[in-house]
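A short worksheet on the structure shown next.
Just so we're clear, the structure is a prediction, and the values are computed from it rather than from any experiment. By convention in this document, chain letters (A, B, ...) are assigned in the order of the sequence lines, proteins followed by strands, and residues within each chain are numbered from 1.
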Amino acid sequence: MEKFTTHVGTAVPLRRSNVDTDQIIPAVYLKRVTRTGFEDGLFAAWREDASFVLNNPAYAGATILVAGEDFGTGSSREHAVWALNDYGFRVVISPRFGDIFRGNSLKQGLLTVELSQEAVETLWDAIEKNPGAPVEVNLQAREVRSGEHVWPFAMDDFSRWRLLEGLDDIGLTLRHAEAITAFEATRPSFAVLVS
Amino acid sequence: MSRTLAQKVWDAHVVSQTAGEPDLLYIDLHLLHEVTSPQAFDGLRLAGRSVRRPDLTIATEDHNTPTDNLLTISDPVSRTQIETLRKNCAEFGVRLHPLGDPVQGVVHVMGPQQGLTQPGMTIVCGDSHTSTHGAFGALAFGIGTSEVEHVLATQTLPQGTPKQMAVTVTGELPSGVTAKDLILALITKVGTGGGRGYVVEYRGPAIEKLSMEGRMTVSNMSIEWGAKAGLIAPDETTFAWLKGRPFAPQGAQWDEAVAYWRTLKTDDDAVFDAEVVIDASTLTPFVTWGTNPGQGAPLSASVPDPESFATEADRAAARRAVEYMGLTPGTALKDVAVDVVFLGSCTNGRLEDLRAAAEVLRGRKVASGVRMLVVPGSAQVRAEAEEEGLNEVFTAAGAEWRFAGCSMCLGMNPDTLKPGERSASTSNRNFEGRQGKGGRTHLVSPAVAAATAVTGRLSAPADLV
């Protein structure tokens, strides 16, 4: 995983709540067996609408997506994270994320930052007024800066450390290989075996 | 210390606990399907890793598969994905139930039916509806592809400790009101994010009275209100359902297992971080009108006025939903005409669901101009339904009797809505385009689906003369 420390970029306001992962990437794009190249599927249905915010040239090249509450609900498809990454996003800000989406994003180096509804609305207004203004997302300090605003955000120490160091989860778990083997010896005799 | 059911299951699976790190949990059963696994197997190959416990891993084909035949996957991209699963399972030694196999089916119908899902287990799958298995008192949750790879490689997952919530359902469900109505009403009450960060336990007299099928419908939709998992304490209903199934323990092991399973209940003085209480006796058939599962209403109500919602975010979402759904606020939901009725999915594709719909359709006809698809959740459900003659009830009514698969629950296989088409669907998601681009979905129970097929408008069995 690529390290994430601080990111400065421009942002795009997605004034919608309940953006489920079927909207982030429709199921027809999930038939592929690769892990990259999903940028064409990102918000595929919505992008057909010329007035959709990602089609607004003022936000071209934005790397921070600022969305309404309950972003990434629904399906567990990690393709939603891959599509956002492939399109060029590094950060998504929302008052609340779907649990599985959030887990997936932090494993793929896409930083998901929870800010209050009020902060998100302030950001939306600021971005719309000045689309080229930089937004800074600092994971080291756990804060988002836009103009004169500074918003701290919560991120558990372990996830933050993994992101700052760009660590691979499987590698971390294999430090406990002996404990896994020891645990397996204690499983009950009636535990299911499929083969 | 007093513990909840979920905490007991959690504690029994902690491999390693380190301060400042998530607990490392052992996974008892890993279910795989074709959509979320290919990149995980690729990851293993790249790192030169193997599947640590193929004997705790089982795969089936469900999302991409056709339901009109068992032989031909006409879409080459879908076919490649299925063939990739077959190659991966062969290479890594994973048991697979492919299209055409008598055990094949929607992964969350297949697992319980085989007796693979048992109380007290940890179960994961690269699919958000893994919460279904919580109906047995298992800690079961959906994971992403990176986590699928992690479980394949290590049979464990690092997990931060969730908060605990109780959903207490008092009273008794009135006649004609089902588990699906209950869970849809709950989601509208708490919203799609109401359970975020929680593992939930459904409990109370109305839950205890549910069949295993009904419990699975409730647990299945836990993810639709954001909960990580939704458990129900195992009881005599659970044990009776499990006994004799292919993977259920036998003989002395059965007795040993049941003795353990009986300890899997929340201690009387255990403390939940939050509780929601619902009185089942107040519920009526419930449907959705919008584009997320929290936008629902009693079938007897009308399409709401978006301006009637309390927050601007909810008003904006409702305005958008009503427009997408092609509805006019104030229209009685019972006046909403549908083009397609879909009976099936991991939510409502079990034998009891087919029976409930067949009971309504017996001696009646699907309205002209309405297409009804009946898709059993597994090949075994299909065979059992045929043994009872349910297929004849459906076909005599003019419905299509199909093969098992995810079908029209999601737009990944040939069963899709056309743009602008409206469905009454027993599935779990009414998201924009979920059942096909431009399609409009109303979530309903099997009984409401069948009555709707007869009248051509959203209806309950009580509305039929």
Side-chain angles (χ1 to χ4, degrees), chain A residues 15-18 20-23 26-28 30-35 44-46 68-70 73-79 81-82 96-101 103-104 107-108 117 156-159 161 169-170 172-177 179-180 182-184 187-195, chain B residues 15-16 20-22 24 26 28-29 35-36 38-39 42 54-58 64 77-78 80-81 84 95 116 118 126-128 142-147 149-150 153-156 158 160 192-193 196-197 226 228 247 249 253 256-257 260 292 313 316-317 410-412 429 431-434 437:
Chain A
R15 286 186 179 264
R16 290 184 192 181
S17 60
N18 275 292
D20 57 78
T21 54
D22 272 80
Q23 305 317 312
V28 288
L30 273 51
K31 299 179 181 186
R32 300 171 185 168
V33 295
T34 53
R35 207 165 195 148
W46 292 352
E69 189 166 59
D70 291 322
T73 55
S75 161
S76 65
R77 57 190 70 170
E78 197 161 304
H79 312 66
V81 172
W82 302 337
R96 187 165 61 193
F97 291 95
D99 195 48
I100 306 175
F101 174 82
N104 291 342
K107 293 201 180 345
Q108 292 297 318
Q117 180 73 28
D156 69 273
D157 291 340
F158 185 73
S159 297
W161 171 67
D169 260 2
I170 297 179
L172 288 175
T173 293
L174 290 175
R175 294 174 302 162
H176 303 293
I180 298 172
F183 181 90
E184 284 175 327
R187 299 182 75 228
S189 65
F190 54 81
V192 171
L193 299 176
V194 306
S195 56
Chain B
V15 168
S16 162
E21 292 190 16
L24 189 64
Y26 198 79
D28 289 321
L29 180 66
V35 182
T36 54
Q39 297 85 355
D42 269 351
D55 56 342
L56 304 182
T57 311
I58 187 166
N64 275 276
V77 191
S78 287
T80 299
Q81 196 167 59
T84 303
R95 178 178 180 138
L116 288 163
Q118 298 174 13
D127 190 287
S128 60
I143 57 177
T145 296
S146 294
E147 291 172 310
E149 182 181 340
H150 191 285
T154 69
Q155 204 58 35
T156 64
T192 56
R196 221 299 295 271
K228 182 170 187 71
F247 287 96
Q253 286 202 330
E256 192 190 336
Y260 171 59
N292 72 58
L410 84 173
M412 264 201 97
R429 288 186 175 139
F431 298 153
E432 291 178 29
R434 170 77 179 182
K437 198 171 166 189

#### Entry: A/Thr173 side chain reached by B/His150 side chain, heavy atoms, under 4.5 Å
yes
### Query
Would a 4.5 Å heavy-atom cut-off, applied to side chains only, mark B/Asp28 and A/Val192 as touching?
no
#### Entry: Pairs of heavy atoms under 4.5 Å with chain B: top-ranked of A/Gln117, A/Gln23, A/Arg15, A/Gln108
A/Gln23
### Query
Given that the side chain runs from C-beta out, which part of A/Trp161 has a heavy atom under 4.5 Å from chain B: side chain, backbone, both or neither?
neither
### Task
Working to the nearest 0.5 Å, report the span between OG1 of B/Thr156 and NE2 of A/His176.
8.5 Å
### Pairs of heavy atoms under 4.5 Å with chain A: top-ranked of B/Ser78, B/Gly126, B/Pro249, B/Ser146
B/Ser146
### Summary
Ranked by heavy-atom pairs below 4.5 Å to chain B, first place among A/Ala45, A/Ser159, A/Ser75 goes to A/Ser75
### B/Glu147 vs A/Glu78, side chain to side chain contact (heavy atoms under 4.5 Å, CB included): CA-CA, chis, key distance, verdict
CA-CA 10 Å; B/Glu147 291 172 310; A/Glu78 197 161 304; 5.9 Å; no
### Task
Go through the atoms of A/Phe158 and report whether side chain, backbone, both or neither lie under 4.5 Å from a heavy atom of chain B.
both
### Query
Quick one: do B/Glu149 and A/Lys107 make a salt bridge, cutoff under 4.0 Å?
no
### Query
Contact part of B/Thr154 toward chain A, heavy-atom cut-off under 4.5 Å: side chain, backbone, both or neither?
both
### Summary
The reported gap from CG in A/Leu193 to CG in B/Leu116 (rounded to nearest 0.5 angstrom) is 10.5 Å
### Query
Measuring heavy-atom distances to chain A, does B/Thr84 have an atom under 4.5 Å in its side chain, in its backbone, in both, or in neither?
side chain
## Note on the structure
If one checks every heavy atom of A/Arg16 against chain B at 4.5 Å, the contacting part turns out to be side chain
### Message
Need one label for A/Asp70: side chain, backbone, both or neither, based on atoms under 4.5 Å from any heavy atom in chain B.
### Response
side chain
### Query
Taking B/Leu410, B/Thr36, B/Leu24 one by one, which has the highest count of heavy-atom pairs under 4.5 Å against chain A?
B/Leu24
### Message
Which atoms of A/Asp157 are under 4.5 Å from chain B, going by heavy atoms: the side chain, the backbone, both sets, or neither?
### Response
neither
### Task
Looking only at non-hydrogen atoms, find the nearest pair between B/Gln39 and A/Thr34 and report the distance.
NE2-O, 2.6 Å
### Task
Check each atom of B/Leu56 against the heavy atoms of chain A and say whether the ones under 4.5 Å are side chain, backbone, both or neither.
both
### Message
Keeping B/Gln81 on the side-chain end and A/Lys31 on the backbone end, is there a donor-acceptor pair under 3.5 Å?
### Response
yes
### Message
For the interface with chain A, which of B/Pro22, B/Gly197, B/Gly160, B/Ala317 has the highest count of heavy-atom pairs at distances below 4.5 Å?
### Response
B/Pro22
### Query
Does any heavy atom of chain B fall under 4.5 Å from the side chain of A/Ala179, the backbone, both, or neither of them?
both
### Query
Is it the side chain or the backbone of A/Leu174 that comes within 4.5 Å of chain B heavy atoms, both, or neither?
side chain
### Query
Is B/Glu21 salt-bridged to A/Arg175, cutoff N-O under 4.0 Å?
yes
### Query
Between A/Leu30 and B/Val35, which heavy-atom pair has the shortest distance, and what is it?
O-CG1, 3.6 Å
### Task
Measure distances from A/Thr21 to the heavy atoms of chain B and classify the residue's part below 4.5 Å as side chain, backbone, both or neither.
neither
### Residue pair B/Gln118 / A/Phe190: nearest heavy atoms and the distance that separates them
OE1-O, 4.3 Å
### Task
Supply the atom-to-atom distance B/Asp127 CG to A/Ile100 CD1, rounded to the nearest 0.5 angstrom.
8.5 Å
## Note on the structure
Most contact-rich option vs chain B, by heavy-atom pairs under 4.5 angstrom, among A/Ser189, A/Ala182, A/Ser17, is A/Ser189
#### Entry: Residue selection (most heavy-atom pairs with chain B, distance under 4.5 Å) from A/Ala44, A/Gly74, A/Gly103
A/Gly74
### Summary
So, the part of B/Ala257 with a heavy atom under 4.5 Å from chain A: the answer is both
### Task
Among B/Lys228, B/Glu256, B/Arg196, B/Lys437, single out the residue with the greatest number of heavy-atom pairs under 4.5 Å to chain A.
B/Arg196
### Query
Can you say whether A/Phe101 sits under 4.5 Å from chain B via the side chain, the backbone, both, or neither, judging by heavy atoms?
neither
### Donor-acceptor contact below 3.5 Å, side chain B/Arg95 vs main chain A/Val194
yes
### Summary
Comparing A/Arg96, A/Glu69, A/Arg77 against chain B, the one with the most heavy-atom pairs below 4.5 Å turns out to be A/Arg96
### Task
With a 4.5 Å cut-off on heavy-atom pairs, point out which of B/Gly193, B/Pro38, B/Ala153, B/Pro158 contacts chain A the most.
B/Gly193
### Interface moiety of A/Ile170 toward chain B, non-hydrogen atoms closer than 4.5 Å
both
